[in-house]
Amino acid sequence: MFKNFNKISKKWQKIWEKEGIYKNYKKPKKFYVLDMFPYPSGEGLHVGHPRGYIATDLIARYKQMQGYSVLHPMGWDAFGLPAENYALKHKIHPKIAVSKNIKRFKEQLNKFGFTYDWDREINTTDPEYYKWTQWIFLKLFENGLVYESFEPIIWCPSCKTGLALEDLEDGKCERCGSEVEKKPLRQWVLKMTAYAEKLLKGLEELDWPESIKEQQKNWIGKSQGAEIEFRILNSKFKINVFTTRLDTIFGCTYLVVAPEHELVSSIKHQVSNWPEVEKYIKQAKKKTDLQRTGLTKDKTGVELKSIKAINPFNNEEVPIFVADYVLPHYGTGAVMAVPAHDERDYEFATKYNLPIRQVILSQINPDFNADLRGKKINKAFTEDGILVDSGKFTGMTSEKARQEMIKWLEKNKLGSRKINYKMRDWVFARQRYWGEPFPLVFCENCAKRIKNKKYKKGEFTKGELLNPGWIQIQEKDLPVKLPEVKYYEPSGTGESPLTNISKWVNTECPKCGGLAKRETNTMPQWAGSNWYYVAYLIKKNKKYQWDKKEIKKWLPVDLYVGGVEHATRHLLYARFWHKFLYDIKAVPVNEPFKKLMNQGLILAEDGRKMSKRWGNVINPDDMIRIFGADALRLYEMFMGPFDQSIAWSSDGIRGMKRFLDRIYKLVSGVRYQVSGNKNEKIERLLHQTIKKVTEDIENFRFNTAISSLMILFNDIEKNLQTYKLTNLQTFLKLLAPFAPHLTEEIWRNVLGNKKSIHLESWPKYNPKLIEEEKFEMIVQVNGKVRDRVSAPSGISQKEAENIALSSEKIKKLIAGLKIKKIIFVPNRLINIVISQS
RNA sequence: GCCCGGGUGGCGGAACGGUUUACGCAGAGGACUUAAAAUCCUUGACCUUAAUAGGUUUGUGGGUUCGAAUCCCACCCCGGGCACCA
């Protein structure tokens with residue numbers, strides 16, 4: 001190996017830091033480029049982690065050269081289960097573990113020569129930081145977007161905490177892989193569903209990968225339909241059902257309610273087979289969602305005997321079933337079953353021998369109709385069609401019928417238009433130590449006062465009235481600090497370990513001054529990452545001030561880079577909080593991240609994920625030691641398309657080192673023409689490269705940008721004597737964002753420039769200089785390449801024909817055959833079409 | 001089951017209606033060296049041919065087109081997401 005650049009790299013990193021070349025925030029145009037901040041785990045970084053950071057760094061440098069004020073900060077997401085589990089395993093306090101890990105991560109990152117402004121470094125576990133996490137929570141609470149719930153939630157028996165739906169992977173705990181259970185638990189829940197429509201709508205204007213938008217859209221899961229009221233025969237009770245297929249209602253032959261449905265217990269005296277029903281319900285409630293909804297599972301259910309519901313459209317009496325395939329938390333927890341037109345209902349009806357009645361005819365496939373009508377149905381027809389046997393709606397299309405039927409429902413006050421979302425409210429409490437404490441206390445006295453309505457108007461906030469007894473800590477008393485403890489193991493009882501610290505728990509009520517107890521649950525890991533992109537903007541002297549001027553200056557984030565795995569977690573949560581902050585006018589824009597890019601994974605050479613378990617982890621420290629930071633940076637960008645997963649290759653990085661060595665060798669060892677004659681060929685290649693590299697960086701096609709830089713350099717090497725110094729300087733500028741250390745060394749040390757290359761301006765290309773004067777014309781006969789001839793650029797079809805037809809090869813091929821037509825693509829090719837003999 | 005993304009040399013990939021295989025890696029041959037490493041030069045899919053040359057080839061099969069890796073239809077395989085949402 002020619003030269004190890006590590007000393008050089010370190011030298012420049014120090015100088016850049018000292019000169020503060022990345023902290024130029026005075027330019028009028030701003031660019032905020034953000035990485036998804038890492039979780040400082042005990043394992044340290046492997047070469048896959050920095051792939052996104054290299055890209056953002058490259059873009060930061062590129063934008064700076066284009067004259068932008070570039071903000072590129074970095075920080076640590078350090079609360080939550082992984083840090084706490086790591087601490088438990090290694091028997092050190094999470095606070096110590098976190099600071100140790102951060103130190104390690106920072107060292108590793110700094111070796112890459114990234115442009116981070118470390119003055120703005122943030123850490124979600126810093127009380128000064130979580131003061132504002134708590135502040136946002138208070139605002140949510142105050143505005144009635146937080147409620148206490150005692151519903152059974154998902155519980156991980158290994159992590160000993162409740163989880164949100166989003167924390168599951170394949171129905172198992174995303175952190176430890178354990179089978180989860182259901183457990184009734186006191187919970188704080190955020191009303192994320194109140195923002196469902198805004199979250200969905202906001203997606204439209206975002207420059208995000210379509211697949212991520214699609215994932216969020218599916219997660220939000222909007223359906224438009226109708227809610228219909230079914231009366232119960234001989235009873236005051238009613239059942240409301242939600243359907244998106246109102247047009248099929250004449251085919252409804254029974255109703256199904258979830259075991260949790262309130263109707264079931266309220267009318268149990270009228271149910272003749274109650275013991276049987278009760279048994280079924282008990283069993284169903286024990287199951288987790290996975291067991292209940294697992295795809296292999298057969299549908300089961302039990303009829304509520306002696307009870308009938310009345311279909312408001314035809315006054316038909318239909319039986320009612322309890323079945324666990326109906327979900328309690330979606331829609332009304334009850335459905336009208338139309339077995340002829342819904343696969344699930346069809347399956348259930350077939351199993352329990354219930355009538356199947358077709359009311360929609362297929363317009364596309366009449367065979368299907370013949371089968372359905374009269375004869376035995378063997379499959380549900382779930383598409384739209386034409387209504388039959390549907391009273392006055394017969395003959396309408398599904399679309400039209402849905403409209404008319406809703407009108408009819410609304411007129412007769414039997415139902416209405418309704419929109420439902422799959423997304424659920426966010427279970428926001430964890431029964432663990434290592435998280436943000438809630439800024440809430442419980443006061444018996446205030447609870448009583450609220451219940452007895454003995455309070456002054458305006459004394460309690462919306463949230464306090466919604467959750468009687470829960471009182472907000474005042475803003476001036478934030479942060480509520482996480483107490484220092486010796487033992488922080490989760491109790492497993494569903495109570496947080498904080499419960500045992502009576503000194504901390506017992507406090508004074510900020511409202512009435514009476515005795516109060518602190519909330520002992522903590523916030524989930526995602527809380528701190530919900531607003532960290534704002535935190536960078538408002539940090540000053542280790543403290544944070546909600547500085548609206550700074551926020552306005554920088555938001556939204558212009559470019560956000562990170563992994564796809566956050567599609568329905570962090571990226572949805574953060575958008576939710578942001579939209580809330582927008583509504584209370586704490587931020588000036590309604591979406592936080594304008595453009596999003598996902599980096600692909602870097603897999604180990606064996607094609608598996610890098611993991612300690614497989615012993616296939618590649619450490620960037622080693623790569624940097626052997627090949628240098630620039631070679632590693634360049635290689636990670638060159639490997640393949642940025643958003644695609646790709647396997648590491650230890651040979652590949654060697655090639656990059658070779659490329660850099662060649663550059664250094666050439667520039668430091670040879671004299672070049674300081675002034676030379678104008679060389680059009682070189683100018684052309686140079687300007688083509690400027691264009692290509694610029695466009696490729698804009699489009700995240702770093703691999704092809706690098707390859708065009710290689711093409712240019714190969715030519716420089718070959719024809720060195722014809723290149724001018726300025727040509728070489730242009731090449732170095734184009735390479736600078738990719739290989740910042742080497743280019744800086746050459747720029748300042750070898751070429752003797754005073755100012756950093758990273759403060760130079762980005763080269764511009766001249767479109768006129770790109771045009772070629774000659775081109776290689778492809779001559780095809782019947783679409784097959786038969787010859788290549790040199791031709792002047794811009795020639796007409798006639799001229800091209802003459803050139804093509806004078807080619808000996810072509811003459812031979814078409815001799816004696818009739819030319820049917822000639823296709824000419826200017827500056828590219830000519831295709832002679834002849835009749836086949 | 002549904003929704004995305006992807007199948008191109010020995011390998012990573014490039015080209016997204018017009019030369020398939022840019023650029024890089026690995027390989028082969030050569031130069032330098034006592035030798036090796038490093039470096040530099042040459043080479044570069046497959047089949048037929050002594051060579052010239054011709055033919056085949058972008059997962060498979062069909063279609064549109066003067067011309068398809070690229071557009072359309074059907075199927076196969078790999079990766080990811082969602083999953084009884086009425």
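Proteins get letters first, then strands, A, B, ... in listed order; numbering begins at 1 in each. For clarity, every value in this text was computed on a predicted model and none was experimentally measured.
Comparing B:rA53 with B:rU58, their P atoms are spaced 24 Å from each other, to the whole Å. Taking the P atoms as reference points, B:rG10 lies 32 Å from B:rU64, given to the whole Å. Atom name P, nucleotides B:rA69 and B:rU56: the rounded distance is 13 Å, in whole Å. Taking atom C1' in both B:rA22 and B:rG1, one finds a spacing of 42 Å when rounded to whole Å. When the P atom is used for both B:rU42 and B:rC23, the distance is 12 Å, rounded to whole Å. When the P atom is used for both B:rC25 and B:rA74, the distance is 43 Å, rounded to whole Å. Taking atom C1' on both B:rC75 and B:rG81, the two are 23 Å apart, rounded to the nearest angstrom. The separation of B:rU60 from B:rU70, taken at their P atoms, amounts to 11 Å, rounded to a whole angstrom.
Residue A:Gln599 contributes atom CD, which lies 16 Å from atom C1' of B:rG5 at whole-angstrom precision. Distance, A:Gln215 CD to B:rA83 P: 11 Å, rounded to whole Å. One atom, CD of A:Glu717, and another, P of B:rU39, lie 12 Å apart when rounded to the nearest Å. At whole-Å resolution of the value, CD in A:Glu636 and P in B:rG12 are 18 Å apart. Atom-to-atom, CG of A:Asp661 to C1' of B:rG24 comes out at 15 Å; the value is rounded to the nearest Å. Rounding to whole angstrom units, CZ of residue A:Phe659 and C1' of B:rA38 are separated by 19 Å. Going from atom CZ of A:Phe702 over to atom C1' of B:rG12 covers 18 Å, rounded to whole Å. The nearest whole Å value for the distance from the NZ atom in A:Lys718 to the C1' atom in B:rC41 is 11 Å.
Out of B:rC40, B:rG13, B:rA22, the shortest distance to the side chain of A:Gln644 is found at B:rG13. In the set B:rA86, B:rA15, B:rC23, B:rA86 carries the atom at the smallest distance from any side-chain atom of A:Val335. Here B:rG18 is the nucleotide among B:rG18, B:rC3, B:rC23 with the atom lying nearest to any side-chain atom of A:Arg828. Taking the side chain of A:Arg786 as heavy atoms from C-beta on, and the options B:rG55, B:rC84, B:rG24, the nearest nucleotide is B:rG55. Closest to the A:Ile778 side chain, of the nucleotides B:rC3, B:rU19, B:rU39, is B:rU19. Of the listed nucleotides (B:rC84, B:rG67, B:rA15), B:rA15 has the atom at the smallest distance from the side chain of A:Lys692. When the nucleotides B:rU19, B:rU56, B:rC84 are ranked by their closest atom to the side chain of A:Lys784, B:rU56 comes out on top. In the set B:rU20, B:rA83, B:rG13, B:rA83 carries the atom at the smallest distance from any side-chain atom of A:Trp219. The nucleotide whose nearest atom lies closest to any side-chain atom of A:Asn831 is, among B:rA86, B:rC66, B:rA15, B:rC66.
When heavy atoms are screened at a 4.0 angstrom cut-off, A:Ile646 is found touching the sugar-phosphate backbone but no base atom. At a threshold of 4.0 angstrom between heavy atoms, the contacts of A:Asp345 with the nucleic acid are absent. Residue A:Val833 is classed as a sugar-phosphate contact, given heavy-atom separations below 4.0 Å to backbone atoms only. Among the atoms of the strands shown, only primed sugar atoms or phosphate atoms (P, OP1, OP2) are found under 4.0 Å from some heavy atom of A:Val785. When heavy atoms are screened at a 4.0 angstrom cut-off, A:Glu776 is found touching base atoms of the nucleic acid. Residue contacts shown for A:Arg788 include a base, since a base heavy atom lies under 4.0 Å away. Here A:Asn703 lies in heavy-atom contact (under 4.0 Å) with sugar-phosphate atoms only. Counting non-hydrogen atoms under 4.0 angstrom, A:Ser223 reaches the backbone sugars and phosphates but no base. Nucleic acid contact for A:Leu829: base, since at least one base atom lies under 4.0 Å from a heavy atom of the residue. If you check every strand for non-hydrogen atoms under 4.0 Å, A:Gly655 touches sugar and phosphate atoms only.
With a glycosidic angle more than 90° from 0, B:rG10 adopts the anti conformation.
Under 4.0 Å is where a charged nitrogen must lie from a carboxylate oxygen, and between A:Glu347 and A:Lys299 at least one such pair does. A salt bridge between A:Lys191 and A:Asp425 is absent, with no side-chain N of the basic residue lying under 4.0 Å from a carboxylate O of the acidic one.
Separation of the A:Tyr330 and A:Tyr421 ring centroids does not fall under the 6.0 Å cut-off. A distance below 6.0 Å separates the ring centres of A:Phe713 and A:Phe731.
Side-chain atoms of A:Lys820 stay outside donor-acceptor range of the base of B:rC66, with no qualifying N/O pair under 3.5 Å. No hydrogens or angles were tested; on distance alone, nothing pairs the side chain of A:Glu343 with the base of B:rG1 as donor and acceptor under 3.5 Å. No donor-acceptor contact under 3.5 Å links the side chain of A:Asp651 to the base of B:rC25.
Using Watson-Crick or G-U wobble geometry with both donor-acceptor distances under 3.5 Å, B:rG79 finds its partner in B:rC4. Pair assignment for B:rC11: B:rG24, on the basis of Watson-Crick or G-U wobble contacts that are both within less than 3.5 Å. Across all strands shown, B:rA50 has no partner, as no Watson-Crick or G-U wobble contact with both distances under 3.5 Å is found. Nucleotide B:rC40 is matched to B:rG30 when pairs are restricted to Watson-Crick or G-U wobble geometry with both distances under 3.5 angstrom.
Look at A:Arg662 and you won't find any side-chain N or O under 4.0 angstrom from OP1 or OP2 of B:rU39. The side chain of A:Arg658 contributes no N or O atom lying less than 4.0 Å from OP1 or OP2 of B:rA38. In this structure, A:Asn714 reaches the B:rG24 phosphate: one of its side-chain N or O atoms is under 4.0 Å from OP1 or OP2.
Of the two residues contacting RNA chain B, namely A:Arg701 and A:Lys821, the nearest-nucleotide position lying further toward the 5' end is that of A:Arg701. Toward the 5′ end of RNA chain B lies the nearest nucleotide of A:Met656, the other residue of the pair A:Met656 and A:Tyr330 mapping further downstream.
Ring geometry, A:Tyr664 versus A:Phe5: the interplanar angle exceeds 60°, so the pair is classed perpendicular (tilted spans 30 to 60°). Below 30°, between 30° and 60°, or above 60°: for A:Phe381 and A:His341 the angle between ring planes is above 60°, a perpendicular geometry. Taking the six-membered ring for Trp and thresholds of 30 and 60 degrees, A:Trp526 and A:Tyr573 have ring planes inclined between 30 and 60 degrees apart.
In plain terms, the two heavy atoms of A:Ile618 and A:Met610 that are nearest each other are N-SD, 3.5 Å.
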Criterion ring pair (Phe, Tyr, Trp, His ring centres under 6.0 Å) on A:Tyr635 and A:Phe627, from CA distance to verdict: CA-CA 10 Å; A:Tyr635 175 59; A:Phe627 302 105; 9.0 Å; no

Under the side-chain contact (heavy atoms from CB on, under 4.5 Å) rule, what do A:Ile228 and A:Leu414 come out as? Steps first, then yes or no, please. CA-CA 6 Å; A:Ile228 316 154; A:Leu414 291 163; 5.5 Å; no

